[in-house]
Visitor: 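This is the structure I have questions about; it appears just below.
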Amino acid sequence: MINIRIFFAKTGRAKYISHLDLNRCMARAFQRSGLPLWHTEGFNPHLYMTYALALSLGFESTCESVDVRLLQEIPFEEVKARINACLPRDIQVTRVAQPVMKPERIAWGDYLVEIRAPLLQVFQELMAQDQILVTKKSKKGEQQVDLKPLVQVLDCQQREDTLYLTLRCATGIHTNINPMLLLDALFQRQGMERPWFSVKRVAILTESLEEFL
């Protein structure tokens, strides 16, 4: 049995597919590929799949991954080609490799954000605050969180009426900050409804800022 990690992109119209539907989509593609994949045992066998990190609905990503197990050795490029042939064009495998790190090591996620509104000055004022307090909802209820130490601005540019941001957010099983918490704080500060925006995850990193492999 061979553990493999399948890295894939989820872009375009696929950003509207929930994590549950993505799981179903990937499972169907794996089955149709004809690859010898390991299934759990017992009364209700199912395909073994483990995702490193769920992606929020409406977000694009170029760095998602899912772990599966092969019953026999097959070249990784063949695995990639056979799965891609069974996937929609907006979900495509970019790389197949053996897992190097456990998902527990994930600590940061990098996001490209595009907002069609002239908000540079308001954003800079927001980030200049000593605290950025927001209400974070989870299965355990609501809690107040200070985003200031949990979100880093790697780049910030206003070009015409569009604000472009590169954000690094605390991400993982211990602390998971959705970029929308910061964006909604920005929109509320300006007193406006959500304008058109897009968010794309472009990197998943460890505490020491190594790429998750």
Side-chain angles (χ1 to χ4, degrees), residues 9-22 51-65 90 103-212:
K10 181 173 181 273
T11 59
R13 292 176 298 175
K15 69 181 181 180
Y16 299 113
I17 298 175
S18 69
H19 184 69
L20 180 60
D21 288 336
L22 171 68
Y51 291 85
L53 195 64
L55 183 69
S56 296
L57 181 66
F59 287 12
E60 294 182 291
S61 177
T62 57
C63 56
E64 300 306 287
S65 68
D90 291 338
E104 288 80 4
R105 291 190 59 187
I106 295 173
W108 298 99
D110 286 358
Y111 299 84
L112 298 182
V113 179
E114 182 179 340
I115 306 170
R116 289 184 185 166
L119 292 172
L120 177 60
Q121 183 177 344
V122 180
F123 179 76
Q124 291 174 334
E125 292 171 354
L126 176 66
M127 297 308 299
Q129 295 180 165
D130 293 333
Q131 289 184 312
I132 305 174
L133 298 177
V134 300
T135 300
K136 186 176 184 294
K137 298 179 180 180
S138 68
K139 294 180 180 178
K140 297 180 180 179
E142 296 183 353
Q143 61 175 327
Q144 200 170 50
V145 177
D146 180 13
L147 296 181
K148 188 72 173 182
L150 302 174
V151 178
Q152 302 171 19
V153 180
L154 304 183
D155 191 40
C156 176
Q157 298 182 38
Q158 182 83 48
R159 297 200 290 272
E160 296 182 350
D161 287 336
T162 302
L163 179 63
Y164 297 90
L165 305 172
T166 303
L167 304 177
R168 177 166 291 162
C169 300
T171 303
I173 60 174
H174 302 297
T175 304
N176 194 25
I177 298 299
N178 190 318
M180 286 309 306
L181 291 171
L182 182 64
L183 299 190
D184 281 337
L186 173 65
F187 302 149
Q188 289 169 14
R189 184 180 181 87
Q190 182 68 358
M192 64 189 301
E193 297 293 328
R194 286 182 178 179
W196 183 94
F197 68 91
S198 67
V199 181
K200 179 184 289 187
R201 185 154 67 194
V202 293
I204 296 175
L205 309 168
T206 67
E207 184 67 34
S208 58
L209 303 183
E210 296 176 276
E211 180 185 3
F212 175 71

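Heads up: numbering here begins at 1 and tracks the sequence. The model shown is predicted, which means the values in this text are computed figures rather than measured ones.
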Visitor: Atom CD1 in Ile115, atom CZ in Arg194: separation rounded to 0.5 Å?
Guide: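 CZ of Arg194 is found 11.0 Å from CD1 of Ile115.
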Visitor: Passes side chain to side chain contact (heavy atoms under 4.5 Å, CB included), Gln188 versus Asp184? Steps please.
Guide: CA-CA 6 Å; Gln188 289 169 14; Asp184 281 337; 4.2 Å; yes
Visitor: Just how far is it from atom CG of Leu209 to atom CG of Asp110, taken to the nearest 0.5 Å?
Guide: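 Nearest 0.5 Å value for the CG-CG distance: 8.0 Å.
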Visitor: Atom CD of residue position Gln121 - does it have more than 12 heavy atoms of other residues, nucleotides or ligands inside 6.0 Å?
Guide: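 No, not enclosed.
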Visitor: Under a 4.5 Å cut-off applied to non-hydrogen side-chain atoms, are Ile132 and Val151 in contact?
Guide: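 Of all side-chain heavy-atom pairs linking Val151 with Ile132, none is under 4.5 Å.
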Visitor: Tell me, please, whether Trp196 has Arg116 positioned over its six-membered ring: NZ or CZ under 6.0 Å from the ring centre and within 45 degrees of its axis?
Guide: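 Judged by the rule (NZ or CZ under 6.0 Å from the ring centre, within 45° of its axis), Arg116 counts as positioned above Trp196.
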Visitor: Do the non-hydrogen side-chain atoms of Ser198 and Glu114 ever get within less than 4.5 Å of each other?
Guide: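 Yes, at least one pair of side-chain atoms sits under 4.5 Å.
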Visitor: Could you pull out all residues at least two apart from Asp90 that satisfy salt bridge (charged side-chain N to carboxylate O under 4.0 Å, His left out)?
Guide: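 Result, salt bridge (charged side-chain N to carboxylate O under 4.0 Å, His left out) vs Asp90: Arg13.
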Visitor: Which atoms form the tightest heavy-atom contact between Val153 and Cys156, and what is the distance?
Guide: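 Smallest interatomic distance, heavy atoms only, reads CG1-CB, 4.0 Å.
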Visitor: Before accepting this row, confirm whether a basic side-chain N of the pair Arg201/Glu64 lies closer than 4.0 Å to the acidic partner's carboxylate O.
Guide: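 Salt bridge between Arg201 and Glu64, a charged N being under 4.0 Å from a carboxylate O: yes.
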Visitor: Does the side chain of Leu182 come within less than 4.5 Å of Phe123's, by heavy atoms?
Guide: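 Yes. Closest side-chain heavy atoms under 4.5 Å.
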Visitor: Does Val199 reach the side chain of Lys15, with side-chain heavy atoms less than 4.5 Å apart?
Guide: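 Sidechains of Lys15 and Val199: no contact.
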Visitor: Checking Lys10 side chain against Ile17 main chain: does a donor-acceptor pair fall under 3.5 Å?
Guide: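 Yes.
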Visitor: Indicate yes or no: at least one non-hydrogen side-chain atom of Leu181 is less than 4.5 angstrom from one of Val145.
Guide: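 Leu181 vs Val145: side chains apart.
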Visitor: Are any of the side-chain heavy atoms of Lys136 and Asn178 separated by less than 4.5 Å?
Guide: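 The answer is no, as the side chains (C-beta and beyond) never meet within the 4.5 Å cut-off.
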Visitor: Taking all non-hydrogen atoms of both residues into account, name the closest pair between Phe212 and Ala52 and its distance.
Guide: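 It is CE2-CB, 3.6 Å.
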Visitor: Nearest 0.5 angstrom please: Ile106 CD1 to His174 NE2, how far?
Guide: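 These two atoms lie 10.5 Å from each other.
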Visitor: Quick one, Leu186 with Val122, criterion side chain to side chain contact (heavy atoms under 4.5 Å, CB included). Give me CA distance, side-chain angles, the key distance, then yes/no.
Guide: CA-CA 7 Å; Leu186 173 65; Val122 180; 3.8 Å; yes
Visitor: Can you name the closest pair of heavy atoms from Ala185 and Val134 and give their distance?
Guide: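 Distance-wise, the nearest heavy atoms are CB-CG1, 4.1 Å.
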Visitor: Okay, side chain of Thr171, backbone of Cys169: is any donor-acceptor separation there less than 3.5 Å?
Guide: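 Pair found, side chain donor or acceptor close to backbone of Cys169.
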Visitor: Nearest 0.5 angstrom please: Glu211 CD to Thr206 OG1, how far?
Guide: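 Reported value, rounded in 0.5 Å steps: 10.0 Å.
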Visitor: Where is the tightest heavy-atom contact between Ser61 and Thr11, given as atom of each residue plus distance?
Guide: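 Reported closest heavy-atom pair: O-CG2, 3.7 Å.
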Visitor: Would you please test Phe187 and Leu119 for side chain to side chain contact (heavy atoms under 4.5 Å, CB included) and show each step?
Guide: CA-CA 9 Å; Phe187 302 149; Leu119 292 172; 4.0 Å; yes
Visitor: Within a strict 4.5 Å, meaning less than it, do heavy atoms of the Lys148 and Gln131 side chains meet?
Guide: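 Sidechains of Gln131 and Lys148: no contact.
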Visitor: Rounded to the nearest 0.5 Å, what separates atom CG in Leu154 from atom OG1 in Thr166?
Guide: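 If I round to the nearest 0.5 Å, the distance is 6.0 Å.
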Visitor: So, using salt bridge (charged side-chain N to carboxylate O under 4.0 Å, His left out) as the criterion, who are the partners of Glu210 when residues are at least two apart?
Guide: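 By the salt bridge (charged side-chain N to carboxylate O under 4.0 Å, His left out) rule, Glu210 matches Arg105.
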Visitor: Can you find a pair of side-chain heavy atoms, one from Gln158 and one from Tyr164, that are under 4.5 Å apart?
Guide: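 No - every pair of side-chain heavy atoms lies 4.5 Å or more apart.
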Visitor: Name the residue from Pro103, Ser65, Cys63 that meets the side chain to side chain contact (heavy atoms under 4.5 Å, CB included) definition with Ile204.
Guide: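 Considering Pro103, Ser65, Cys63, a side chain to side chain contact (heavy atoms under 4.5 Å, CB included) with Ile204 is found only for Cys63.
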Visitor: Can you name the closest pair of heavy atoms from Leu150 and Trp108 and give their distance?
Guide: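 So the minimum-distance heavy-atom pair works out to O-CZ3, 3.8 Å.
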Visitor: Between atom CG of Leu167 and atom CD1 of Ile177, what is the distance when rounded to the nearest 0.5 Å?
Guide: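 It is 12.0 Å, given to the nearest 0.5 Å.
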